[in-house]
Structure formats: structure tokens, C-alpha cells
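A short worksheet on the structure shown next.
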Amino acid sequence: MRLHPEIARVLDRVPPFDPLADPAATRAYVRALLAGARPVEDPRITVGPLTVPGPASDLDVRIYRPTAQGTAPRPCVLYFHGGAFISGDLDTGDANCRDICLAAGAVVVSVDYRPAPEHPYPAAFDDCYAALCWTAENADALGVDPARLAVAGRSAGGALAAAVALAARDRRGPALAFQLLLVPALDDRCDYPSIDECTDSRIVDGRVARGMWELYLGSAVADQYAAPARAQDLAGLPPAYVEICQADALRDEAMEYGRRLMTAGVHTELHVVPGAFHLFEGYAPDSRLARRALANWTSALTHALA
């Protein structure tokens with residue numbers, strides 16, 4: 001796949017690494033990368049840890065809140081981090097959560113769900129849905145408007161956000177105003193052309209895309225809450241924004257999901273970042289391409305929750 005010139009050179013600094021070979025090593029690798037890029041404290045945001053009840057044990061969440069005083073309830077976004085279902089933590093999604101908090105003036109609840117393969121499906125999904133229910137039940141205490149709840153996630157977190165939106169509809173759970181799906185992994189069948197077009201092992205290629213589903217599912221049979229693309233009916237879901245990268249193994253499944261959302265009558269924005277590879281913003285956060293992508297999805301989220 002041809003990469004955008006602005007970010008093509010970024011890959012020259014990326015060492016070969018197999019994220020699936022040893023999940024524990026992958027988690028340590030990600031933590032080491034993030035350790036050198038701790039966020040500068042921003043007086044506009046108050047950040048704090050919290051523990052909430054989960055389906056198997058207590059869940060660690062991180063609450064981001066605009067520091068500006070106000071009496072009106074704020075919108076609220078539940079954020080699910082990426083990491084191929086096997087890695088990532090609250091720090092992985094920190095930058096996106098801060099962006100959401102500032103852009104939308106929203107309270108953000110970032111969820112540290114259980115990772116595979118130690119905790120295969122439905123553990124992560126159950127954790128994320130439980131966090132949504134807890135948030136809705138505690139809206140007054142959190143100072144949020146239950147009519148302006150949204151879910152958001154990147155990559156594997158995008159799969160979880162889409163799955164939680166489906167479950168909230170099917171189970172008559174908390175009403176959602178929006179779903180933000182950033183380069184989401186949606187289909188365990190991995191039978192789209194883009195899966196095999198992306199062959200650069202320094203980024204998410206077809207082999208990693210297939211392997212992460214094997215680790216996530218374990219012995220489980222995939223249903224729509226594991227792989228949202230398996231849902232037969234997408235009608236009645238909240239409005240959606242779907243970000244897609246052109247040079248991404250997951251490109252085609254996200255495009256098809258966006259098309260199906262629109263066909264089902266769901267208000268949907270579908271944005272393709274030209275020549276970008278999966279999670280390129282993490283490698284080139286100051287690039288013009290990354291800044292434009294950020295401006296697009298934060299604008300859509302802010303408008304939806306206004």
C-alpha cells in the first residue's frame with residue numbers, strides 16, 4: 001500500500017516487533033514506549049482514578065473532567081483503549097481522552113477492561129458494558145447528562161464501542177447519543193481484500209489482524225458482541241463516526257460497516273485518512289495528517305453531544 005509522503009518516513013524508525021508472540025512482552029513494550037511520553041499536566045483538565053463494580057471483579061477507570069466550573073450536567077463519553085485485545089491500558093488511551101474532554105467539554109470515563117488471552121471473550125465486552133451501565137446509573141453523582149452519553153474506542157476499542165452500542169440497543173440499556181469508531185476491528189472472518197494488501201510487518205498487517213481474533217475469541221464462537229460486523233440488523237443504533245486509514249488491513253471491514261450503518265438509516269460520517277497506516281497518529285502525532293484527522297472526529301463528537 002502506498003503511504004502518504006508525510007508519514008512514510010516514520011516507519012524507518014519503527015523496529016520489527018511481533019505483538020502477538022508474547023502478550024506479556026507486548027504489554028511491557030507498550031508501557032515502556034508510553035513511559036517516555038507522559039502528558040504535561042493541563043490545568044484545564046482534572047484527572048483521577050476510580051474503581052467501579054465489574055461483572056467479575058472491580059474495574060479500574062480513569063475520570064477526565066473539565067476543570068472549568070459549571071452547574072449544568074456535562075456530556076459523557078466512555079472510552080475503550082486499543083491494543084489488539086491483548087495489551088493497552090488506561091495510559092494507552094490517555095491522549096484521546098484528553099482530546100475528547102477538551103474538545104467536547106465532556107466527562108470521559110476510560111475503562112481498563114480485562115485483556116486476552118488470559119481473559120478471552122466475552123470478558124472485555126462484559127467489562128465495557130458494565131462500565132456503561134454504571135455510568136448511566138451514577139450520572140447525577142458524576143455530574144453528567146444521561147441523554148448525552150456516547151461510546152468511543154480505537155482499533156480493538158472501536159470493536160468494543162460498536163459492540164456496546166449494539167448491546168445497549170438489544171438489551172434496552174442506557175440510551176446512547178453517539179458512537180465514535182476510530183480504525184475499528186469489526187470482523188473476525190478477515191476475508192476482505194485489504195487484509196492481504198497490507199503486508200508490512202512493522203504495522204498491523206493481515207497476519208496480526210487474524211491472530212488477534214484468535215487470541216481474543218479463544219474457544220468462543222464469535223457473535224455480534226464479539227465481532228460487530230456479524231450483526232444482522234444495524235437499525236436503531238446511535239449516530240456514528242467511522243475513521244478509516246487507507247493503508248490499513250482493517251480498512252475494508254470498517255468501510256463495509258459504515259455502509260451498512262447508512263443503509264440501515266443510521267446517521268453516519270465515514271472518513272478515510274489518505275495514505276495512512278493503522279494507528280499512524282501514535283507514530284506521527286504532530287503531522288498535519290494526524291492533526292486534521294483529530295480535528296475531524298473531535299468536531300463530529302462535539303457537534304453530536306452539544
Side-chain angles (χ1 to χ4, degrees), residues 1-4 7-37 80-96 112-121 123-125 153-160 182-220 222 226-227 229 244-254 273 275-285 290:
M1 291 185 178
R2 185 180 178 185
L3 297 179
H4 192 287
I7 62 170
R9 61 183 178 271
V10 171
L11 284 184
D12 295 336
R13 303 193 301 269
V14 177
F17 183 73
D18 184 352
L20 304 180
D22 183 345
T26 297
R27 292 167 199 152
Y29 176 75
V30 171
R31 284 194 296 270
L33 287 178
L34 293 173
F80 311 127
H81 64 75
F85 301 110
I86 66 168
S87 67
D89 54 25
L90 296 175
D91 288 338
T92 307
D94 184 77
N96 280 168
D112 194 16
Y113 54 85
R114 289 170 289 169
E118 297 92 337
H119 306 282
Y121 176 77
F125 163 74
R154 183 176 292 279
S155 192
L160 292 164
L182 302 174
V183 292
L186 297 165
D187 199 333
D188 67 294
R189 292 164 292 196
C190 295
D191 56 2
Y192 292 97
S194 61
I195 290 287
D196 295 313
E197 288 177 16
C198 189
T199 58
D200 192 327
S201 61
R202 293 171 296 178
I203 56 180
V204 174
D205 58 9
R207 185 192 63 82
V208 171
R210 292 184 173 96
M212 73 176 181
W213 283 109
E214 293 177 5
L215 293 177
Y216 179 50
L217 292 172
S219 60
I244 299 167
C245 288
Q246 183 180 7
D248 186 356
L250 307 182
R251 179 194 67 207
D252 293 348
E253 62 196 70
V273 185
F277 55 85
H278 193 73
L279 302 180
F280 79 100
E281 299 100 326
Y283 295 93

Item checked: Single hit among Asp188, Leu20, Ile195 for side chain to side chain contact (heavy atoms under 4.5 Å, CB included) with Arg210 ->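 The option that passes is Ile195.
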Item checked: Pairwise side-chain contact, Phe85 with Leu215, heavy-atom cut-off 4.5 Å (strictly under) ->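 Not touching, per the 4.5 Å side-chain cut-off.
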Note to self: I want to check something: taking the side chain as every heavy atom from C-beta on, are Tyr216 and Ile86 in contact at a cut-off of under 4.5 Å?
What the structure shows: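 No - every pair of side-chain heavy atoms lies 4.5 Å or more apart.
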Notebook entry, point to check: Do Arg189 and Asp191 meet the salt-bridge criterion of a basic N to acidic O distance under 4.0 Å?
Noted result: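 Salt bridge between Asp191 and Arg189, a charged N being under 4.0 Å from a carboxylate O: no.
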Notebook entry, point to check: Less than 4.0 Å between a side-chain N and a carboxylate O, is that true for Arg27 and Asp89?
Noted result: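 No, Asp89 and Arg27 are not salt-bridged.
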I need the minimum non-hydrogen distance between [X] and [Y], along with the two atoms involved.
X	Y	answer
Cys245	Val183	SG-CG1, 3.6 Å
Asp248	Ser194	O-CB, 3.6 Å
Asp187	Trp213	O-NE1, 3.4 Å
Arg251	Glu197	NH2-OE1, 3.1 Å
Ala249	Asp205	CB-C, 4.0 Å
Ala247	Ile203	O-CD1, 4.4 Å

Partners meeting ring pair (Phe, Tyr, Trp, His ring centres under 6.0 Å) with [X] (sequence neighbours left out):
X	value
Phe80	none
Tyr192	none
His278	none
Phe280	none

Item checked: By side chain to side chain donor-acceptor pair (under 3.5 Å) - contacts of Tyr121 (at least two apart) ->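 Testing Tyr121 for side chain to side chain donor-acceptor pair (under 3.5 Å), a comparison that skips the adjacent residues, returns Asp223.
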Notebook entry, point to check: Taking only residues two or more places apart in sequence, or in another chain, which ones meet Glu281 in a side chain to side chain donor-acceptor pair (under 3.5 Å)?
Noted result: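 Partners of Glu281 by the side chain to side chain donor-acceptor pair (under 3.5 Å) criterion, ordered by chain and then number, come out as Arg154.
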Any donor-acceptor pair under 3.5 Å from [X] side chain to [Y] backbone:
X	Y	result
Thr26	Pro19	yes
Tyr113	His81	yes
Glu253	Leu186	yes

Quick check for you: to the nearest 0.5 Å, what is the distance between [X] atom [atom1] and [Y] atom [atom2]?
X	Y	atom1	atom2	value
Cys198	Leu250	SG	CG	8.5 Å
Tyr283	Arg202	OH	CZ	10.0 Å
Asp252	Ile244	CG	CD1	8.5 Å

Item checked: side-chain contact (heavy atoms from CB on, under 4.5 Å) assessment of Val10 paired with Leu3 -> CA-CA 10 Å; Val10 171; Leu3 297 179; over 6 Å; no
